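Report on one structure; see the data block that follows.
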Amino acid sequence: EVEVSNELFFARVHPDDREKVRTAVAQAIGQRRNYSVEHRIVRPDGSERIVIENAEIAYSEDGRPLRMIGAVQDVTEARLADRALRQSEERHREVSAMSSDFAFSIRTGEDGHRSIDWASGSFERMSGHPPEVLVDRTLWPEVIHPDDVATLASLADSGWSGHASEGEVRVRTRGGEERCVTLRIRPIEDAAGRVTRLVAAGTDVTERKSMEAALQEAKAQLERRVRERTAELESSERRLHALARRLVGLQEEERRAVARELHDEAGQSLTALLLGLRSLEENELSGRAAAATVRRLKAMTDRVMKDLH
């Protein structure tokens, strides 16, 4: 038989739970009620178990606590099952909330080692790679486009620093394709405020990117055609203006030519009229000839007046 002492008892209590147990004992004695507490113990082989202790406290006649009589129940398996259930529910909630094509969680152990906590199978179906490649940074160049490795590192570092982050990276599939993925990372903290886990969700936006690129190309082609058509219209307008100026010039030249012709004809008519008047003035013509000359001069005068108008 082994005599149980306080020192032996607390030596088996997990160091992080010893204060919790001491507080439960003090409260049970102080309030004269039964003792009950759940805590972890460390077995001689170093393994941990979770136990529930329930006990009644026996007191002396003067009110001093003498001993505790109770039982210890090992609830490790039940608590682990509860924890697994909560984690599973948490995963489903996180995946549903993030509305992603795939999701995974990376956990940091007490030794600083990081590993996949859980992952949906969609990433492996999309890329052909197991999700573990997302933990080992030395494998990223095989899975992530070289130009995007720094982006993924920045997203992860931001998450481990306690900040949610989002960005796009190109994933190389085993089949040689490249898939464009929007990755959202959310840090999860423990009770002490330390980031112990990252929950990441990815959405395959390859088709959307292709459509956006096609739309941009169509837009660029349309803008190019508009520019070309605008240039054609401007060129046609310049030609029309040139033709209009040429037409105005030709009309002006034609008017000047007509004016010159009219001037020449009028000059000739006026010269003939002047000669006829001189003949009449010098009485070189007889009466009948003079009358014919006057009629001719009158007709010439009418013609000149008509041309000038």
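Any value given below was found using the heavy atoms of this structure, including those in side chains, with hydrogens, waters and symmetry copies removed. Everything quoted here is computed from the prediction, not taken from an experiment.
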Item to complete: With side-chain contact (heavy atoms from CB on, under 4.5 Å) as the test, would you mind laying out the steps for Ile116 and Ile106 before giving the verdict?
Response: CA-CA 5 Å; Ile116 290 291; Ile106 300 175; 4.0 Å; yes
Taking side chain as C-beta onward, heavy atoms only, is [X] less than 4.5 Å from [Y]?
X	Y	answer
Ile188	Arg186	yes
Thr173	Arg179	yes
Ile69	Tyr35	no
Asp16	Arg40	yes
Glu168	Val181	no
Met68	Asn54	no
Glu189	Pro187	no
Arg225	Arg229	no

Taking every non-hydrogen atom, the tightest pair across [X] and [Y]:
X	Y	result
Leu155	Gly167	CD2-N, 3.8 Å
Val199	Ser105	CG2-OG, 4.3 Å
Val135	Trp140	N-NE1, 4.3 Å
Ser158	Ala164	OG-O, 4.3 Å

Worksheet entry | Cation-pi geometry met for Arg107 and Trp118 (6.0 Å, 45°) | no
Discussion item. Taking the six-membered ring of Tyr59 as reference, does the cationic atom of Arg32 (NZ for Lys, CZ for Arg) lie under 6.0 Å from its centre and within 45° of its axis?
Written reply: yes
Practice prompt. May I ask you to say whether Glu38 pairs ionically with Arg79, meaning some side-chain N is under 4.0 Å from a carboxylate O?
Written response: yes
Worksheet item: Step by step, would you call Asp74 with Ile50 a side-chain contact (heavy atoms from CB on, under 4.5 Å)?
Response: CA-CA 6 Å; Asp74 187 338; Ile50 303 173; 5.5 Å; no
Let me confirm one number: the [atom1]-[atom2] distance from [X] to [Y], rounded to the nearest 0.5 Å.
X	Y	atom1	atom2	result
Gln216	Met211	CD	CE	12.5 Å
Arg67	Ser60	CZ	OG	10.5 Å
Gln251	Arg256	CD	CZ	11.5 Å
Arg114	Leu198	CZ	CG	7.0 Å
Ile57	Gln31	CD1	CD	10.5 Å
Arg83	Thr76	CZ	OG1	9.5 Å

Quick one: do the [X] and [Y] side chains pair a donor with an acceptor below 3.5 Å?
X	Y	answer
Asp190	Thr196	no
Thr230	Arg227	no
Glu217	Gln221	yes
His14	Glu48	yes

Discussion item. The criterion is side chain to side chain donor-acceptor pair (under 3.5 Å); which residues satisfy it with Ser161, sequence neighbours excluded?
Written reply: none
Discussion item. For a side-chain contact (heavy atoms from CB on, under 4.5 Å) check, start with the C-alpha distance between Phe102 and Thr203, then their side-chain angles and the critical distance, and finish with the verdict.
Written reply: CA-CA 7 Å; Phe102 65 88; Thr203 302; over 6 Å; no
Discussion item. Check whether Arg184 reaches the backbone of Ala200 with its side chain - one donor and one acceptor, N or O, closer than 3.5 Å.
Written reply: no
Worksheet item: Donor-acceptor pair, Ser236 side chain versus Glu232 backbone, under 3.5 Å?
Response: yes
Practice prompt. Show your working on salt bridge (Lys or Arg N to Asp or Glu O under 4.0 Å) between Arg137 and Glu142 and close with a plain yes or no.
Written response: CA-CA 10 Å; Arg137 297 195 180 201; Glu142 301 177 14; over 6 Å; no
Worksheet entry | Chi angles and distances behind the salt bridge (Lys or Arg N to Asp or Glu O under 4.0 Å) call for Arg49, Glu77 | CA-CA 9 Å; Arg49 306 296 291 179; Glu77 305 305 328; 3.5 Å; yes
Discussion item. With side-chain contact (heavy atoms from CB on, under 4.5 Å) as the criterion, how do Phe123 and Leu134 come out once you've worked through the C-alpha distance, each side chain's angles and the decisive distance to 0.1 Å?
Written reply: CA-CA 10 Å; Phe123 176 79; Leu134 298 171; 3.9 Å; yes
Fill in: same_hphob_cluster(Val195, Phe104) at 4.5 Å side-chain heavy-atom cutoff
yes
